[in-house]
Amino acid sequence: MLTVENTKAWLLRFAEKVEANKAHLSDLDSVIGDGDHGNNMARGIKAMQEALESKEASDPADVLKNASMALLSKIGGASGPLYGSAFLDMSKQAKEDASDVSAIFRAGLSGIQKRGKAEPGEKTMVDVWHPVIKALESGELTTDTITDAVEATKPLKATKGRASYLGERSIGELDPGAVSSSYLFEAWLEGED
Amino acid sequence: MLTVENTKAWLLRFAEKVEANKAHLSDLDSVIGDGDHGNNMARGIKAMQEALESKEASDPADVLKNASMALLSKIGGASGPLYGSAFLDMSKQAKEDASDVSAIFRAGLSGIQKRGKAEPGEKTMVDVWHPVIKALESGELTTDTITDAVEATKPLKATKGRASYLGERSIGELDPGAVSSSYLFEAWLEGED
Amino acid sequence: MKKIINQPSQVVDEMLKGFVYANDERVERVPETSVIVRKDKKKGEVALVSGGGSGHEPAHAGFVGDGMLTAAVSGEVFTSPSPDQVLEGIKAADQGAGVLLIIKNYTGDVMNFEMAKELAEAEGIEVEQLVVDDDIAVEDSTHTAGRRGVAGTVIVHKMLGAAAKRGLSLKEVKELGDKLVPNIKSIGVAMTAATVPEVGKPGFTLEENEMEYGVGIHSEPGYHRTSIKSSSEIATELVGKLKDAFEFGDNEHYGLLVNGLGATPLMEQYIFAHDVEKQLEHEPIKIEFKKVGNLMTSLDMNGVSLTLVKLQDDWADLWYDPVHVTDW
Amino acid sequence: MKKIINQPSQVVDEMLKGFVYANDERVERVPETSVIVRKDKKKGEVALVSGGGSGHEPAHAGFVGDGMLTAAVSGEVFTSPSPDQVLEGIKAADQGAGVLLIIKNYTGDVMNFEMAKELAEAEGIEVEQLVVDDDIAVEDSTHTAGRRGVAGTVIVHKMLGAAAKRGLSLKEVKELGDKLVPNIKSIGVAMTAATVPEVGKPGFTLEENEMEYGVGIHSEPGYHRTSIKSSSEIATELVGKLKDAFEFGDNEHYGLLVNGLGATPLMEQYIFAHDVEKQLEHEPIKIEFKKVGNLMTSLDMNGVSLTLVKLQDDWADLWYDPVHVTDW
Ligand SMILES: Nc1ncnc2c1ncn2[C@@H]1O[C@H](COP(=O)(O)OP(=O)(O)O)[C@@H](O)[C@H]1O
Ligand SMILES: Nc1ncnc2c1ncn2[C@@H]1O[C@H](COP(=O)(O)OP(=O)(O)O)[C@@H](O)[C@H]1O
Ligand SMILES: [Mg+2]
Ligand SMILES: [Mg+2]
Ligand SMILES: [Mg+2]
Ligand SMILES: [Mg+2]
């Protein structure tokens, strides 16, 4: 069950993790992308924090929508529209039913896939969202699931996004967007304890 | 006494020395100028060699004139007009009287000074031409005179040409144009043996 | 990192301020946005909006003005602007005849501009989009995000800008663009990678004696790293790639662009252009127009790219139509 | 040395070939010379000839065309062209109304151009000369070859080009130049020195954290070496020097040029322009026009220079007069 409070707390934990790992995310992106994922995400979550603090929210859907707008307008690059779309569709689903968290995350994934057209296995953030949601639906989500999903992006060859230009050379590296997505889910799990 | 033969032989020895010291001249110019004096001189004396070989000369004045035109049109930079003017005025004087070598060199120096307006002590090629000609006139020119004149440019502060922008920092370095001029006089002396 | 900047996070905002300061007779900035729009808008003309990450100057703001772009939207360095910024660009540019978005083919740019298009349409503005994908260094486009959009985009700006100025409708300009884009192909070479100010080190490292063919304008990897070649050898390689891609035929007419990537002096660009000329002499094609200079740069990257456009109809005329922008 | 060239000794010839290839609708090369001359000469107009060593592209050939230079003469890299080359430039440029030589103040340039003037006069062509010495980094001009000619020369090209096009006589153009030159002052900063292709290494060495104020456009030494400063600090220093040199007074009008030295991206030039704007806001003067870009470069030198011209009469109009050259 999402509430205004636990949604805000979750997203602020997410923000902290991104902030703490900003350089790490950019470093990962330097290897198979253009080195800006940490800066992009940090810019976005800073705006999100400000929005969460300054904007009134009457329900969790509102919280998610405010977050969506902030991320969409401040991240930029590929991950901006993807996180923006994910949060927008999560907000819509939360409006319908704030109690079914799996359904809300599933809506987020579908937002990402509508926008980015990536399937699992293309070495993108989808490769974290997809297995994590499956585990959540079957009640088996642990931090290990998340870590494993992130690790599992290593052997993949990128066929979407900027990393795809590396072809074979993208194999053996973590996907930066998968790592930033893992923080979202880890932050969620920490609230479940 | 200048003849067509000894003038040509002299200038070809000069050319050899410049060619052999091209990098050295540019290195000297790197320190207090713009690093091109060796390349400039090498371009010029190559054209001079070609002119000496291809152009008919009925008297030593002609040889000097052909050399002048080649140097003037191929050296470029500051030293081009200076060597060009020197050789042109030497040619004019040789036309008058090919037997008085000191007078010919004196005319060359006056050509350099008309064009470049430098007095002795300004750390230019004038600081080799001037003492060398004085020694020649009193019958005392030796390789030591030449070497000493070159060395004597070291403590001078440049107040003409590109090196002047260095101000005090030009002190302690050889003047590149003084060095290239020393080759001209050394080549002359070698023919006198 | 030797850069004349202040806070790395402020480079885009300060650059835009400097750009407007220098060119205030021609352009203005939409307040609180990263949109540069021409001042002398022409009611009833189709508007062209382009942009993308910053770091490609003079693209795109330098091409805003009569006969080229109506507005340019700048993102952070090498990072697509967000949909709300592009939306502001669309609104500022609209001259009542609809807006064409000219997008370089990168996942981020395409998604952000597409979302902006949806938002603008929701506000009742007619918007079309054109994705430029001229970089033939990416061969296997079925297993990638597709060919990247690079310097050839500038040809699209120029020709469609001229078409819009001539009074073509949005539909016509868009159709012309659809026909034009597949006829533009580019390929580049880098001697050094670009250093993003906020990152502080080059996107990749090339040794003192190395260069790389096929690098993208955000330091994306190329197809072949090698020891440094002469300008003439580089021209042979790049012209060869373009020749294969176009399959040069008799009596075909082309336009040519030599583009400096940021830190390469004009002297070298002209030397390279001369070597390209020598390569093309052996080919059956005719070059109708040429342009050399820094047009679509990659910050301080040292390198050049070569673009050819296979001409049809009156495209050469569109190229020569007068234009009043900062950097043409 | 990472350069896109072939034989270092051939760079000037190959560059000129590439330049003519790219701009053959506007200019041509006088055969067997390094002279670039405009094709559409205007009988009866005063001709302007400028030039100097190569390595300052787009200066000077990029400014040849209607409303600016009639011909440009290129020497070897950083080496003045010889008198016979300048003479060829004068002969090619002459449109029957006399020729003005615009010379940057360097010993070599002055002597070679002066000799060319003498040769041309002997052939019956009326020639005047104007020596530009705008670089205020050289303070003590009585003990040096005098202030150097740098980016401010471009302002002379533009304004006198406009004056010649308006039909002023050689005497009038020369008089305008004599009045204009003392009102132009420049000062630069370098992050790296230029590498002359035939030399193969930079003219001087700056450590990774060093820069130097007052460097000349051939890597002549400046007046102060220091740790790297922010754009804003650099603007403070350079504007301060210009302010002292001009002694800014109320209601004075100026034109402003931010010039990239070759390897500095436009992004940084605009950031710097913005910092200059902020500095000048505190001053009583009014800036009438501004221009930012690579105009008078120094090969691959990383740095910028700042030029101000104190305006009188209709000089601002001359600046805005239309011009058709490759790089304006
Ligand atoms: N089509 C796509 N679908 C899903 N995720 C994608 C797609 N393209 C890129 N991504 C994600 O975006 C991340 C890169 O984001 P970022 O570096 O911020 O943007 P950019 O690539 O524009 O620089 C990748 O690591 C990947 O996870
Ligand atoms: N006014 C002058 N009078 C005499 N010699 C001069 C003068 N100016 C420069 N020189 C000589 O020219 C030399 C530099 O020549 P060079 O490097 O070929 O030309 P540039 O200085 O144009 O690069 C100096 O070392 C000096 O000897
Ligand atoms: Mg990235
Ligand atoms: Mg020199
Ligand atoms: Mg990016
Ligand atoms: Mg020189």
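Computed from a prediction, not measured in an experiment: that's the story for all the values here.
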Taking every non-hydrogen atom, the tightest pair across Glu210(D) and Lys2(C): O-NZ, 2.9 Å

Can you list everything that forms a salt bridge (Lys or Arg N to Asp or Glu O under 4.0 Å) with Arg29(C)? Sequence neighbours excluded, please. Asp13(C)

Mind checking salt bridge (Lys or Arg N to Asp or Glu O under 4.0 Å) for Glu212(D) and listing every partner two or more places apart, or none if nothing turns up? Arg225(D)

Between Met1(D) and chain C, with a heavy-atom cut-off of 4.5 Å, which part of the residue counts as in contact: side chain, backbone, both or neither? backbone

So for Val276(C), is it side chain, backbone, both, or neither that comes closer than 4.5 Å to the heavy atoms of chain D? neither

To the nearest 0.5 Å, tell me how far Ile287(C) CD1 sits from Asp24(D) CG. 11.5 Å

Output the distance between atom CD (Glu14(D)) and atom OG (Ser232(C)), rounded to the nearest 0.5 Å. 8.5 Å

Region of Val258(D) that comes under 4.5 Å of a non-hydrogen atom in chain C: neither

May I ask you to list the residues in residues 266-273 of chain D that approach chain C closer than 4.5 angstrom, counting heavy atoms only, ordered by number? Leu266(D), Met267(D), Glu268(D), Tyr270(D), Ile271(D), Phe272(D), Ala273(D)

Max heavy-atom pairs within cutoff under 4.5 Å with chain D, candidates Pro197(C), Ala263(C), Gly303(C), goes to Ala263(C)

Side chain / backbone / both / neither for Thr297(D) at chain C, heavy atoms under 4.5 Å: neither

Side chains of Tyr21(D) and Lys290(C), heavy atoms from C-beta outward: is any pair under 4.5 Å? yes

Between OG on residue Ser231(D) and CG on residue Asn6(C), distance to nearest 0.5 Å: 4.5 Å

Atom CG in Asn23(C), atom NZ in Lys291(D): separation rounded to 0.5 Å? 8.5 Å

Return the option, out of Thr326(D), Leu299(D), Val292(D), with the maximum number of heavy-atom pairs under 4.5 Å with chain C. Leu299(D)

Within the side chain of Glu277(C), is there an N or O that forms a donor-acceptor pair under 3.5 Å with the backbone of Gly18(D)? no

Residue part contacting chain C, namely of Ile228(D), when any heavy atom lies under 4.5 Å: side chain

With sequence neighbours excluded, residues passing side chain to side chain contact (heavy atoms under 4.5 Å, CB included) with Asp317(C): Arg166(C), Asp314(C)

Got a second to check how far Glu25(D)'s CD is from Tyr320(C)'s OH, nearest 0.5 Å? 4.5 Å

Relative to chain C, which segment of Asp300(D) carries a heavy atom at a distance below 4.5 Å: side chain, backbone, both, or neither? both

Toward chain C, the part of Leu280(D) with a non-hydrogen atom under 4.5 Å: side chain

Inter-residue atom distance Ile4(D).CD1 - Thr264(C).OG1, 0.5 Å rounding: 4.5 Å

